[in-house]
Each structure stands twice: as C-alpha cells, then as structure tokens.
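These values consider heavy atoms only, across backbone and side chains, with no hydrogens, waters or symmetry-generated copies.
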Amino acid sequence: MAEAPVKYAGSPAASESRRIQVIPTVAVKDDYLVETLADMGLVTEDDVAIARAEVESGEFEDQGVVDRLLAAQIIAPAHVTQAKAMQFGIETVDLGGMVLADETVQQMPRHIVKKYNVVPVFYQDGILTVALSDPSDLDLMDSLQHQLKVATVDFRVATEEQIDALIQKYYSTADETVSNMIQDITEGEIDLGFVKGNEFGDADAEELESDAPLIKLVNTVIADAFKARASDIHIEPMEKRVQVRYRVDGCLQEVNSPPKRLQNAIISRLKIQSGMSIAERRIPQDGRIQLEVMGKPIDLRVNSLPTTHGESIVMRILDKSGLSLGLAELGFLTDDQQSFERLIGLPDGIILVTGPTGSGKTTTLYSCLNYINRPDRKIITVEDPVEYVLAGINQVQVNNAAGLTFSTALRAMLRQAPNVVMLGEIRDQETATIAINASLTGHLVFSTLHTNDAPSAVSRLIDIGIKPFLVASAARGIMAQRLVRAICKKCNEPYQPTEREMKTLGITQEMVDAGNPRKGPGCKDCTNGYRGRKGIFEVFLIDDNVRKLIYDKVSNTVLRARAREMGMRSLREDGARKVLIGMTSPEEVIEATVGDE
C-alpha cells in the first residue's frame, strides 16, 4: 500500500479513527502505539483486528501488532516514528540526505554511537541534538546526558533506517582512522583483560575475535599506512608513550599514537599475526604478515627488537604492485636504460647493484628479473629474507639456524642448472667466490654490495678476498643508485633554482632555461609537493681497458677517472639531469649525493 498522508488529531479522519476500540483479549506491548496510529488516521479497526489475530495465532513469533501492520505495508516506518514522537512529545527529524558537520560528529565517540544506535544531528552553543528511534527509552537518554561532554543533550526521533544510514556514512569501520579507534579504546568500556600483562599463550590467541577493538586498531594502523603510501611502519615504545611513525617517500612522519597502556597488547597482536613467539621478549624475532588492503594483496616483513622500554616493531610494507615496474618507471633515462638493458641481456658474468640500505637495490634487481624472465630461462634466487614472491622464479629463503646459508644454498642451486642466479647480497669471501665462479661458468649472476659508488665495488670485492684477475674476468657492469623524492604531477609548477643550487649541481642558467625545473607547493595527493620516489644512477660499464686497470690493482681514484672518461655520469650529474626535466628537486639530489662534493 502506498504511504498514506499523515492525519493529525482534529481532522475528520482522526475523529473517526478515535472510535476504533483497541481492547485486546491479551495485552500487547504496542497497544498505546496502535492507539496513536489510530488517532492519526493511519489504521482502521479492520486493519488492527486482522493484525491482532495474526499475532495471537502464534505464527509470527516475537512480533506485535505494529510489526504486522508494517509487514502488510498498511503503515510505513516513518508513520511509526511520527507516532512515537507524538506519544512522548518529541519532535521528529528527517535525516534523509543530511550532511553532518565535522564538529558535530566529533561530539559523540563511535563506541557510544554503536552501543546506543543513535547519531548526533546538530551542535551549537553547547547543545547537542541527538536522533534516536525509541523515545520511550528514558534510560538511554539519561545515560547519554551523563556520558557526553556537552552542556545539554536535546533529542529528536528518526527512523532506524535513517539512523543506520548516517552511522554507516560517518562511523563505519571502512572510514575509521587510527585516532577514532584510539579514542574508542581509550574512552569506551572495553575489556582488555585478554592481553593483560602480555602473558597469554598461543591457545588464548586463537580465541581472539576478529572484531575486537584492539584488533581493529592494529588493522587500521596498517591500512592507514598503506593508504598513505608508507614503506615502513615503526611502533617504538618510549618511556611514557608509544611512538607510531610511517616512512612515506623515505621520510619518517609521526602519526596519532595509542596510549602507553595498550603497548603490550598491540605488540602481542602483531607478533601473533606474524607468527612470532609472544612468550619470548628477550631476543629479536622476524615474521611475516599477509593480508589484503583496499583489494590489494600486501605482505609485511615484521621485525621485533627488545629495547629499554619494550619491544620495538618495524613492519616493511611490500606492495606487490611495484614488481611490475619497468626500468623507465624506476627513473632510468633513455641512455642509461639502454646501457643497463644491454648488461642484463648478457648470457653470463656478474652484475652488481650498490648503495646504502634503503636505496632501492632490491627493487631494481626484481625489476631486472621480471625483464628477463622468460619460459626458456631458469632463474633461481637466494635471499634473506624473500621479500616478494615472483611467478615463474625459484626463490630460496636463507635459514642460518638450519644450516642453509648463502654459500650452501648457492652451491646447491648451481646443481639445478639455472641460467640466471640472484644473490640477495654478497657478504663474505665464500659467497663472493662461489658467485664469481658461477659467473665464469656460463651463469648470469645478479647481486648487491654496500658501497658508496660504482667503482668502489671493485676494491670491495678485492678486500673481501677475491683475486683481481677473477674480478676483472667476471664483472660486466656495476651500478650505484640512490632514491630521491619525485615532484607531484598534480601540483607542480615552474621553479627557478638558486645560484647555490645551480653551482652545487653543476648546471648553468642556459641549461635551466632550456629545461623545465619544477617544484610542488603541496596538495591533497602528495606530501609537501612530493609523491613517490625515483632512482638516480651511476652506471659503470667494464671494458677491456678497465679490466686491465682492475688486474693492475689501481686505486679507486684512477678507476673512477677512467670510468668518467668512458662517459659514466656520477650520481649527482644524473640527478642534475632529472632536476632539469622536472622529475625531482635540487635539494633532494644535493642531499642524496653529499658524497659527490
């Protein structure tokens, strides 16, 4: 039945409806509401009689007369709301399409909204207007008046459907932030007994419910970090607080931190998720978490480290979508990209990527493997740890406790007849010797070293204990790299470098005029004008002349001079080119290449 117009007391229809006698044989809980609906002219005597007969038949368990009238579409939910409001002398409010101000939403914590199924509507001059669906619940009204930190709470009546819609819009789990979750746990009546003292065991851990507020808080911290494009999450116990920081585009930024009393609970939850022992708090541990955020599968590499004030947790976010990046997306310009593609297309030899921790070496190696990964090539990697799982590639995880070291894994994998081998890092003479020998016996070997520039990798291998003639024979190319923040593509604008910046980068005003330097003032899609990172590279190709110099054990200075003569650009020079095309900013390149001064 279509929704009937509301008829209020005083109208002819209402006078007629007053003659409906609601005298049930059995008392029903909503008799007074039925009378009010009758007074409003919304139901007839026959309607009530049929509905009451259905209720008394026992066929519709736990339903009243009003429920049956609603089911028959004789009345609508809006009519029931109006009737309730009229009964108790409270005004109604239509929440359809209503937009709540941030200040209004902030007046009522999520745990109160969810607990009482109410929603704030207006807030002005210390008066908070709250919509509820049952004006007969005087205990609810009294509780809200005492719990909310406002001078006065004024009530309005709205339908449950409209209240639920606003709660879903403004207080739903999908829109929760870390600060809201912290507020809920801090202010709400939440039992954290299951983590008290951080002494529960694995059996207890299995009993934790997925909707527990603490678990939601931990999941929200991870989701917010992913939305912010963070590469790392740092949870660091301080003396009187817990510090939570995200590393976004290489820079750490502090976010809303939970109270100190939740420290052990949060750390225990993360250790459970990552498969660590929560009973062991004296030694470092490593773990891994796999989950889906915003429809994307991500892995988190988790490490715990005992500190003075508790265990520090660092989670590296491994977004698999970054694996499909081509060399151009990494930041290679055309000439360097062509040189590097020729290198990785060779059938044998060793190719090294150097740089400090966090300079993107592993991402570059994975991109190389993706580039050369074909069905006719067998590729095996040895890593500690395996950061990304690559389709079509055999990956070996080092396990020192079980005796599976880099060297033992490398020996075994060579018996698997691979075409391409990747070592996560060359750390000692034994590993370096096996890698060099593999490259001399028809394998293409990729690996990393911790050196400041490309030519230094040669002396590093010799210092480890590799004979110079072996290094000269095996090495095909060495690339050093750094990461710099990229200019935001949405808010960037022309920029004139200062004289000091131009002098430091070795560029002239003519080069600036011919180029397109950019800088971003900052927008909602970026952080201070930057979004994402790009690499700057130093590609050192080894030819016969360089091999002779390596064999003669010349100094790094001589080797670097020869590399420059061959056309190798330094990290700073490559960065300067990327400043001129508007890829990054002068200060980013200068800061990343201090060693080039």
Any pair with a residue in residues 457-466 that passes side chain to side chain donor-acceptor pair (under 3.5 Å), sequence neighbours left out, goes on the list, sorted by first then second residue, please.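 As it turns out, the side chain to side chain donor-acceptor pair (under 3.5 Å) pairs with a partner in residues 457-466, which skip direct neighbours, are Ser459-Asn556.
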
Under the side chain to side chain donor-acceptor pair (under 3.5 Å) definition, can you give me all pairs with a residue in residues 464-479, not counting sequence neighbours?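 The answer is Asp348-Arg476.
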
Could you tell me whether the side chain of [Y] reaches within less than 4.5 Å of the side chain of [X], counting heavy atoms only?
{"X": "Glu538", "Y": "Met568", "result": "yes"}
{"X": "Pro517", "Y": "Pro494", "result": "no"}
{"X": "Leu580", "Y": "Asn516", "result": "no"}
{"X": "Ile266", "Y": "Val242", "result": "no"}
{"X": "Leu505", "Y": "Ile590", "result": "yes"}

Whether [X] side chain and [Y] backbone form a donor-acceptor pair below 3.5 Å:
{"X": "Thr362", "Y": "Gly360", "result": "no"}
{"X": "Ser274", "Y": "Leu270", "result": "yes"}
{"X": "Thr448", "Y": "Thr354", "result": "no"}
{"X": "Ser439", "Y": "Val445", "result": "no"}

Apply side chain to side chain donor-acceptor pair (under 3.5 Å) to residues Thr364 and Gln481 and explain how you reach the verdict. CA-CA 9 Å; Thr364 298; Gln481 71 175 65; 2.7 Å; yes

Any pair counted as ring-ring contact (aromatic ring centres under 6.0 Å, His included), so long as it reaches residues 486-520, sequence neighbours left out: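 Matches after skipping sequence neighbours: none remain.
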
ring-ring contact (aromatic ring centres under 6.0 Å, His included) contacts touching residues 521-551 (sequence neighbours left out):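 Only Phe332-Phe537 qualify under ring-ring contact (aromatic ring centres under 6.0 Å, His included).
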
[X]: partners by side-chain contact (heavy atoms from CB on, under 4.5 Å), with sequence neighbours left out:
{"X": "Asn394", "answer": "Lys378, Ile380"}
{"X": "Pro306", "answer": "Pro284"}
{"X": "Gln496", "answer": "Met502, Gln509, Val512"}
{"X": "Asp552", "answer": "Lys548, Val554"}

Answer yes when [X] and [Y] have at least one side-chain N-carboxylate O distance shorter than 4.0 Å, and no when they do not.
{"X": "Arg241", "Y": "Glu236", "value": "no"}
{"X": "Asp249", "Y": "Arg229", "value": "yes"}
{"X": "Lys271", "Y": "Glu311", "value": "yes"}
{"X": "Glu493", "Y": "Arg518", "value": "no"}

Step by step, work out the salt bridge (Lys or Arg N to Asp or Glu O under 4.0 Å) result for Glu280 and Arg282. CA-CA 6 Å; Glu280 182 55 75; Arg282 300 164 299 173; 3.0 Å; yes

So which heavy atom on [X] is nearest to which on [Y], and how close?
{"X": "Val589", "Y": "Ala576", "value": "CG1-N, 4.2 Å"}
{"X": "Ile344", "Y": "Arg377", "value": "O-NH1, 4.3 Å"}
{"X": "Ser312", "Y": "Pro237", "value": "CA-CD, 3.8 Å"}
{"X": "Met511", "Y": "Gly506", "value": "SD-O, 4.4 Å"}
{"X": "Leu369", "Y": "Thr381", "value": "CD1-CG2, 3.7 Å"}
{"X": "Ile536", "Y": "Ala592", "value": "CD1-CB, 4.5 Å"}

Approximate separation, where rounding is to 0.5 Å, of [X] [atom1] and [Y] [atom2]:
{"X": "Met276", "Y": "Asn303", "atom1": "CE", "atom2": "CG", "result": "6.5 Å"}
{"X": "Glu573", "Y": "Ile507", "atom1": "CD", "atom2": "CD1", "result": "12.0 Å"}
{"X": "Ile278", "Y": "Asn264", "atom1": "CD1", "atom2": "CG", "result": "11.0 Å"}

With sequence neighbours left out, which residue pairs that include part of residues 358-369 fulfil the salt bridge (charged side-chain N to carboxylate O under 4.0 Å, His left out) condition?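 Applying salt bridge (charged side-chain N to carboxylate O under 4.0 Å, His left out) to every pair that reaches into residues 358-369, excluding sequence neighbours, yields nothing.
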
Do any pairs count as a salt bridge (charged side-chain N to carboxylate O under 4.0 Å, His left out) and have a residue in residues 577-586, sequence neighbours left out, and if so which ones?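 Sorted pair list: Asp335-Arg577, Asp336-Arg577, Asp574-Arg577, Asp574-Lys578.
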
Using the test salt bridge (charged side-chain N to carboxylate O under 4.0 Å, His left out), find all partners of Glu591 that sit at least two apart in sequence or belong to another chain.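 Expected list: none.
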
Please step through side chain to side chain donor-acceptor pair (under 3.5 Å) for the pair Gln290 and Arg288, ending with a clear verdict. CA-CA 7 Å; Gln290 293 182 321; Arg288 199 179 191 98; over 6 Å; no

Option from Arg533, Arg485, Lys534 for which side-chain hydrogen bond (donor to acceptor under 3.5 Å, both in side chains) with Glu588 holds: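 Single side-chain hydrogen bond (donor to acceptor under 3.5 Å, both in side chains) partner of Glu588 among Arg533, Arg485, Lys534: Arg485.
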
Let's go through Asp453 and Arg560 carefully: what are the C-alpha distance in whole Å and the side-chain angles of both, what is the deciding distance for salt bridge (Lys or Arg N to Asp or Glu O under 4.0 Å) to 0.1 Å, and is it a yes or a no? CA-CA 9 Å; Asp453 62 4; Arg560 186 172 182 81; 3.1 Å; yes

Please enumerate all residues that pass side-chain hydrogen bond (donor to acceptor under 3.5 Å, both in side chains) together with Thr441, with sequence neighbours excluded.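 Only His443 meet the side-chain hydrogen bond (donor to acceptor under 3.5 Å, both in side chains) criterion with Thr441.
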
Flag yes if more than 12 heavy atoms outside Glu565 fall under 6.0 Å of its CD atom; otherwise flag no.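 Yes.
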
